[in-house]
Amino acid sequence: MKILTAEQLSEADKRTIERQNITSEELMERAATLVFNEIHNRLNGAPIPIKVFCGIGNNGGDGLVIARHLIQHGYHVTIYVVNYSDKRSDDFLANYEKLKSITNDWPQLIKGEDNFPEINTGDFVIDAMFGIGLNRPIEGWVAKLVGLINDSKAFTLAIDMPSGLFSDKVPGNDAAVIEADFTLSFQAPKLVFFLPETMDYVGDLQILDIGLDREFLAEIKAPIHLIEKVEAASLYKPRKTNSHKGDYGHVLIVGGSYGKIGSVLLTATAALKTGSGLCSLYIPECGYNIVQTGLPEAMVLTDKDSEQLTTYPEDFEADVVCFGMGAGTSQKTVGALEDLLNSVKEPVVIDADGLNILSNNKKLLDLLPKDSVLTPHPGELKRLIGEWQDDFDKLEKAKDFSKKYDVVLVIKGAHSFTIKGDEIYVNNSGNPGMATAGSGDVLSGVITSLLGQSYEPLSAAILGVYLHGRSGDFAASELGYESVLAGDIAQNIGKAVKDLFQSEMKDSERN
Ligand SMILES: NC(=O)C1=CN([C@@H]2O[C@H](COP(=O)(O)OP(=O)(O)OC[C@H]3O[C@@H](n4cnc5c(N)ncnc54)[C@H](O)[C@@H]3O)[C@@H](O)[C@H]2O)[C@@H](O)CC1
Ligand SMILES: Nc1ncnc2c1ncn2[C@@H]1O[C@H](COP(=O)(O)OP(=O)(O)O)[C@@H](O)[C@H]1O
Ligand SMILES: [K+]
């Protein structure tokens, strides 16, 4: 799904109005009625106090339409107009008029702190103050109202965007932003919904298809995509009946050191579980018995050093090589990575200490084969590309890095970002149960396996990140977040792959 900017969405609104020959008021009615339907489906007529806070632009207009439908369906609704300016939009005014015929309870005007209502924990608050039109931080008494709503702990539903959040920049440190429990957003997700610095304001997210012009949406150039099941399934390559293990790639996992052999075991398990035909490991000698016992399906070669990697087996023929997990960063191991990069010409996967070695020895970056996949978590990324000012700056720097070294970057996190040049793919699977030791090692195994199965590097990274998250979702639905271990993620890869072609998740599997 395309992630769009405020400008692109406003343009889509305009084109829709032209091509569908409707008024902007009709489009507002359509969009806000869909929101009402969602609320009605969930509340089912419950007599809880609903407080709708409307701005005076079109986001406020949406709020008025939602409130009108709620009143007509017998809900207990109080409407507040947050009168931060007198420049009311036309569609706001039209819907303000419409209220007259359905209620005698006229909206309450808020013009300052004296007009603030009491907001109780049990209230249901609808935030329709600002949407994509916000062009400067919320200030003064409106900021105080945002604080009051947040402090109330009332369940808060944001319409289109939590008020105070911009679609294209991060709010300042003490900016007033609604902390929504749920956001119902129109037509397309916005990037800030997924960035570490802003995602917490959004709560649970649902995108409503409000029927904006299909042709325009298809044509629009969007360098940022949200990856969900349909997008992941479109990348999947089915196995052929008439095939053998040689068709599915021989992966070589290089890593491990004394006390950190488990990491390579996790990576190799994940690679085999993702479908690699053959899996070999190159590890220090101390790991030999551990790996041969823990994973009899894998083959093991050992370094001459018993505790750390010092070389790379140059004449070994693998389809793809992955380097780094548990390897340590000793000078001898730097040499091992240098040997590897001097002998391998196909894209490699570099993770963990492999990334740390690259950060400490920047000249090695020039040796990376084109389209190699690097999978840093934010700490490793910082060492690789330097500090950033905010998440938008981070993405710019990451794009520059990807272009400079011609590599695919996977920035891991609650939503992992896969970056190649100017293209960004935001993952939407996974859960906090995956914040556990070794889950990154499993991801490297999945991506390496897909590369070995002839997926293009970018596709291997996008699909690998999605499948890894989905495997974590299956693990968490069975075990609960706290009990998910990295090995459980690897054990559930098969379910994640099967699930690509199953249409609906059972509720019990939802996270
Ligand atoms: N136009 C359409 O066809 C549709 C628009 N929709 C709604 O329209 C919203 C966008 O509406 P608007 O463009 O009217 O903008 P908003 O309602 O988001 O904001 C209102 C106005 O407030 C002013 N403003 C911005 N920041 C301010 C601040 N910090 N303090 C005081 N005033 C400030 C701006 O001039 C802005 O236009 C969307 O988020 C969505 O909710 C939906 O109804 C779907 C269809
Ligand atoms: N809250 C979360 N939601 C979704 N995925 C998560 C979450 N926390 C961690 N993950 C995923 O788990 C993995 C953690 O990797 P990493 O930080 O390298 O861990 P380790 O070094 O222990 O292997 C990443 O793929 C990341 O995207
Ligand atoms: K809002």
Side-chain angles (χ1 to χ4, degrees), residues 6 9-10 12-14 16-17 22-32 34-35 53-63 65 82 84-85 87-92 95 126-140 142-143 156-167 175-176 178 180 183-187 190 196 208 210 212 263 266-267 325-326 351-353 355 375-380 410-417 427-444 446 464-465 468-469 472-473 476 481 484 486 489 511:
L9 280 162
S10 301
D13 282 352
K14 268 190 225 138
T16 304
I17 288 164
I22 55 171
T23 62
S24 60
E25 194 186 330
E26 283 166 326
L27 183 58
M28 181 178 281
E29 184 71 26
R30 187 201 284 176
L34 286 169
V35 175
F53 291 86
C54 301
I56 44 82
N58 286 341
N59 197 248
D62 293 334
V65 177
V82 185
Y84 49 79
S85 127
K87 284 186 260 156
R88 299 171 170 199
S89 78
D90 292 345
D91 295 337
F92 174 94
N95 281 297
I126 297 181
D127 157 33
M129 291 185 278
F130 297 98
I132 57 174
L134 188 79
N135 52 27
R136 56 189 187 278
I138 299 179
E139 283 173 344
V142 186
T156 303
L157 168 70
I159 308 305
D160 205 20
M161 307 253 297
S163 295
L165 211 53
F166 299 100
S167 73
I178 287 288
T183 296
L184 280 171
S185 195
F186 297 136
Q187 201 65 49
K190 288 85 181 159
L208 291 172
I210 61 167
L212 296 186
S263 57
L266 286 165
T267 307
M325 49 291 307
D351 186 27
D353 282 330
L355 298 167
T375 57
H377 59 52
E380 289 157 349
V410 175
I411 306 179
K412 294 182 289 196
H415 291 281
S416 295
F417 284 62
N427 186 55
N428 206 20
S429 63
N431 65 77
M434 300 174 72
T436 182
S439 55
D441 304 333
V442 172
L443 175 67
S444 301
V446 177
V465 169
H468 175 254
D473 289 342
Y481 291 153
V484 172
I489 304 173
N511 284 295

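Whatever order the structure lists them in is the order used to number ligands and atoms, beginning at 1.
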Geometry only, no angles: is Ser24 polar-contacting ligand 1 at N/O separations under 3.5 Å? no
Only heavy atoms of Met28, strictly under 4.0 Å: list the atoms of ligand 1 that pass. 43 (O)
What one should report as the nearest heavy-atom pair of Ala352 and Met325 is CB-CA, 3.9 Å
Can a donor-acceptor pair be found, under 3.5 Å and without considering hydrogens, that links the side chain of Lys190 to the backbone of Ala6? no
For Asp441, the atoms of ligand 2 under 4.0 Å from one of its heavy atoms are 23 (O)
Heavy-atom nearest neighbour in the protein, as seen from atom 38 (C) of ligand 1, with distance rounded to 0.1 Å: Asp160 OD2, 3.2 Å
Specify the protein heavy atom at minimum distance from atom 33 (C) of ligand 1: its residue, its atom name, and the distance to 0.1 Å. Phe130 CE2, 3.5 Å
Look at atom 18 (O) of ligand 2 and say which protein heavy atom is nearest, naming residue and atom and giving the distance to 0.1 Å. Lys412 NZ, 2.7 Å
N or O pair under 3.5 Å between Ile132 and ligand 1: yes
Nearest-option assignment for atom 2 (C) of ligand 2, heavy atoms, candidates Leu355, Asn431, Ile489: Asn431
Taking backbone and side chain together, does Phe130 place any N/O/S atom at a distance below 3.4 Å from the K ion (ligand 3)? yes
Only heavy atoms count here, so choose which of Gly131, Ser89, Ser85 is nearest to atom 16 (P) of ligand 1. Gly131
Counting heavy atoms only, name the option from Ala32, Ala31, Ser10, Ala158 that's nearest to atom 44 (C) of ligand 1. Ala31
In terms of residue, atom name and distance, what is the protein heavy atom nearest to atom 8 (O) of ligand 1? Asn58 CB, 3.0 Å
Test item: Asn431 side-chain N/O and Gly472 main-chain N/O as donor-acceptor pair under 3.5 Å: yes
Any atoms of ligand 2 less than 4.0 Å from a non-hydrogen atom of Gly438? List them with their elements. 20 (P), 22 (O), 23 (O)
Where do Asp127 and Thr156 land on the side-chain hydrogen bond (donor to acceptor under 3.5 Å, both in side chains) test, with the steps shown first? CA-CA 7 Å; Asp127 157 33; Thr156 303; over 6 Å; no
Taking distance alone, with N or O pairs closer than 3.5 Å, would you say Ala437 contacts ligand 2? no
Side-chain (Asp160) to main-chain (Ser185) donor-acceptor, under 3.5 angstrom: no
Near Gly57 (heavy-atom distance under 4.0 Å), the atoms of ligand 1 are 14 (O), 17 (O), 20 (C)
Check whether Thr16 reaches the backbone of Leu212 with its side chain - one donor and one acceptor, N or O, closer than 3.5 Å. no
Vertex the K ion (ligand 3), arms to Ile159 O and Met161 O, rounded to 10°: 70°
Nearest to atom 21 (O) of ligand 2 by heavy atom, His415, Met325, His377, His468: which? His377
Determine whether a donor-acceptor pair (N or O, by modelled atom type, separation under 3.5 Å) exists between the side chain of Thr267 and the backbone of Ser444. no
Using heavy atoms and a threshold below 4.0 Å, how should the contact between Pro137 and ligand 1 be classified: side chain, backbone, both, or neither? backbone
For atom 14 (C) of ligand 2, tell me which residue out of Gly326, Ser429, Ala476, Ser439 has the closest non-hydrogen atom. Ser439
Under a 4.0 angstrom heavy-atom cut-off, which atoms of ligand 1 come close to Leu27? 3 (O), 45 (C)
In the protein, what heavy atom is nearest to atom 17 (O) of ligand 1, and what distance, to one decimal place, separates them? Asn59 N, 3.0 Å
of all protein heavy atoms, closest to atom 29 (N) of ligand 1 is Arg136 O, 2.8 Å
To which protein heavy atom is atom 35 (O) of ligand 1 closest, and what is the distance rounded to 0.1 Å? Asn135 ND2, 3.9 Å
Looking only at distances, can you tell me whether any N or O atom of Gly133, backbone or side chain, sits closer than 3.5 Å to an N or O atom of ligand 1? yes
Ile159: heavy atom below 4.0 Å from ligand 1, yes or no? no
If you measure from each non-hydrogen atom of Thr436 to ligand 2, which part falls under 4.0 Å: side chain, backbone, both or neither? backbone
Which heavy atom of the protein is the closest neighbour of atom 2 (C) of ligand 1, given with residue, atom name and distance? Asp13 OD2, 3.2 Å
Select one of side chain, backbone, both or neither to describe which atoms of Asp62 lie under 4.0 Å from any atom of ligand 1, heavy atoms only. side chain
Closest to atom 20 (C) of ligand 1 by heavy-atom distance, out of Phe92, Tyr84, Phe166, is Tyr84
Within the structure, is a non-hydrogen atom of Ser416 found at a distance of less than 4.0 Å from ligand 2? yes
Look only at interatomic distance and state if Gly413 has a nitrogen or oxygen under 3.5 Å from any nitrogen or oxygen of ligand 2. yes
Identify which of Pro432, Gly379, Gly433, Gly440 has a heavy atom lying nearest to atom 19 (O) of ligand 2. Gly440
Phe186 heavy atoms within 4.0 Å reach ligand 1 at atoms 40 (C), 41 (O), 42 (C)
At less than 4.0 angstrom from any non-hydrogen atom of Ala435, what atoms of ligand 2 do you find? 8 (N), 9 (C)
Return yes when at least one N/O/S atom of Asp127 is nearer than 3.4 Å to the K ion (ligand 3), and no when none is. yes
